[in-house]
Amino acid sequence: MAEVMGPGVDDARAWEERLGWAHGLISADPAERDAAQERLAAARRSTGLARRRFDEAWRLASGQGVRSPLDAPAVRRAHDEYVAVQRRSLPDGLWDGPHRAEIAGWPGLPYALLFLEWEARYPQEWTLYAKAWGTKQALIRDVAAAAGDETVRAKLVDLTATVVRRAYRCKDREYVRVARAVDGEELRGRLAGARESDDPWARLHAGYLLWILDRPGVPNSRHVWRKWLAEAG
């Protein structure tokens, strides 16, 4: 099948209209999180149904010998419907972001940060409703490129400080990239506090981050991590 086309670029108001409800996913109020999770579950069901309708329309057009099924009106309608529904869900609505060099001006950036904050603060809920390790990895790499913006920088410091205080999860190692992008007194102070905490995970993760921040030329590889672990005892 040909690649599904992206929806294009729009403004912050359109993003808020589509995904404003997602702020509830990171609320401290369990009732607000429950409501947002129900909204997300419904959006993901709708996305799945729209995708199946698009796939079926594509299959029928292909079986009729249409050279380019997207030229068929029924396929085009099904495709447009799928894209419209997809953009109202997570993580699907984040999949058509701009090139990394242009991420700072992307109206979807606050929702990319929200998705990462949700995973950082409520990892089990994120896993249940929207697990997407590849998306997590790509977004961490993307948002690190926007660290020059002070608002984004503060959020990335918070994210990094939150992640180091929990048990390791898939793709968390990517936060080394973020830490290097926002390295400074505030981040190092919070990491130092985590390194002195009673939580063994916090001590371990913060210790590694502080160590590798002092060595900008050292790659953040599994080999380096394991060697550091062995030497740290």
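Nothing fancy with the numbering, it's 1 onward along the sequence.
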Atom of [X], atom of [Y] and distance for their closest heavy-atom approach:
X	Y	result
Trp211	Val224	CZ3-CG1, 3.7 Å
Val75	Ala57	CG2-O, 3.3 Å
Ala130	Phe115	O-CZ, 3.8 Å
Pro107	Ala12	CB-N, 3.8 Å
Ala120	Val163	CB-CG2, 3.9 Å
Trp118	Leu25	CD1-O, 3.3 Å

So, is the end of the Arg44 side chain (NZ or CZ) under 6.0 Å from the ring centre of Tyr129 and within 45° of the ring's axis? no

Measure from NZ or CZ of Arg222 to the centre of the six-membered ring of Trp225 and say whether it is under 6.0 Å with the direction within 45° of the ring axis.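 That pair does not qualify as a cation-pi contact.
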
More than 12 non-hydrogen atoms from neighbouring residues, nucleotides or ligands closer than 6.0 Å to CZ on Arg215, yes or no?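 More than 12 within 6.0 Å, yes.
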
Answer with yes or no whether the hydrophobic clustering places [X] together with [Y]; edges join I, L, V, M, F, W, Y residues whose side-chain heavy atoms lie under 4.5 Å apart.
X	Y	answer
Trp58	Leu60	no
Val143	Leu159	yes
Val85	Phe54	no
Tyr82	Leu49	no

In Å and rounded to the nearest 0.5 Å, what is the [atom1] to [atom2] distance from [X] to [Y]?
X	Y	atom1	atom2	value
Trp95	Ser89	CH2	OG	8.0 Å
Asp142	Leu109	CG	CG	9.5 Å
Leu210	Arg195	CG	CZ	5.0 Å
Leu156	Leu116	CG	CG	8.5 Å
Leu113	Leu139	CG	CG	8.5 Å
Arg173	Gln137	CZ	CD	9.0 Å

Among all residues two or more places apart in sequence or in another chain, which pass the salt bridge (Lys or Arg N to Asp or Glu O under 4.0 Å) test with Lys155?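 Listed in chain order: Glu117.
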
Can you list everything that forms a salt bridge (Lys or Arg N to Asp or Glu O under 4.0 Å) with Arg180? Sequence neighbours excluded, please. none

Output all residues satisfying side chain to side chain contact (heavy atoms under 4.5 Å, CB included) with Glu17, sequence neighbours left out; order by chain, then residue number.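 Testing Glu17 for side chain to side chain contact (heavy atoms under 4.5 Å, CB included), a comparison that skips the adjacent residues, returns Arg88.
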
Classify the ring geometry between Trp133 and Trp126 as parallel (under 30°), tilted (30 to 60°) or perpendicular (over 60°).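 It falls in the tilted class, 30° to 60°.
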
Where at least one partner belongs to residues 156-165, residue pairs that pass side chain to side chain donor-acceptor pair (under 3.5 Å), sequence neighbours excluded: Asp158-Arg190

Do [Y] and [X] meet the salt-bridge criterion of a basic N to acidic O distance under 4.0 Å?
X	Y	answer
Asp92	Arg87	no
Arg51	Asp55	yes
Glu174	Arg177	yes

Could you list the donor-acceptor pairs under 3.5 angstrom formed by side chains in residues 200-208, with sequence neighbours left out?
| unit_1 | atom_1 | unit_2 | atom_2 | d |
| --- | --- | --- | --- | --- |
| Arg203 | NH1 | Ser197 | O | 3.1 |
| Arg203 | NH1 | Asp198 | O | 3.0 |
| His205 | ND1 | Val164 | O | 3.4 |
| His205 | ND1 | Arg166 | O | 3.2 |
| Tyr208 | OH | Asn220 | OD1 | 2.9 |

Pair Tyr111, Glu16 - check side-chain hydrogen bond (donor to acceptor under 3.5 Å, both in side chains), show working. CA-CA 9 Å; Tyr111 298 92; Glu16 181 67 19; 2.6 Å; yes

Measure the shortest side-chain to side-chain distance between Leu40 and Trp21 over non-hydrogen atoms and say whether it is less than 4.5 angstrom.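 When only atoms from C-beta onward are counted, Trp21 and Leu40 do touch, with a gap below 4.5 Å.
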
Is it true that a side-chain atom of Lys136 and a backbone atom of Cys170 form a donor plus acceptor pair closer than 3.5 Å? yes

Verdict with supporting geometry, Asp214 and Arg188, salt bridge (Lys or Arg N to Asp or Glu O under 4.0 Å): CA-CA 11 Å; Asp214 286 336; Arg188 286 180 180 250; 2.8 Å; yes

Residue pairs fulfilling ring pair (Phe, Tyr, Trp, His ring centres under 6.0 Å) with at least one residue in residues 135-177, sequence neighbours excluded: none

Verify side chain to side chain contact (heavy atoms under 4.5 Å, CB included) between Leu213 and Leu191, making sure each step is shown before the conclusion. CA-CA 11 Å; Leu213 285 176; Leu191 292 177; 4.0 Å; yes

Thr127 versus Arg169, side-chain donor and acceptor atoms under 3.5 Å: yes

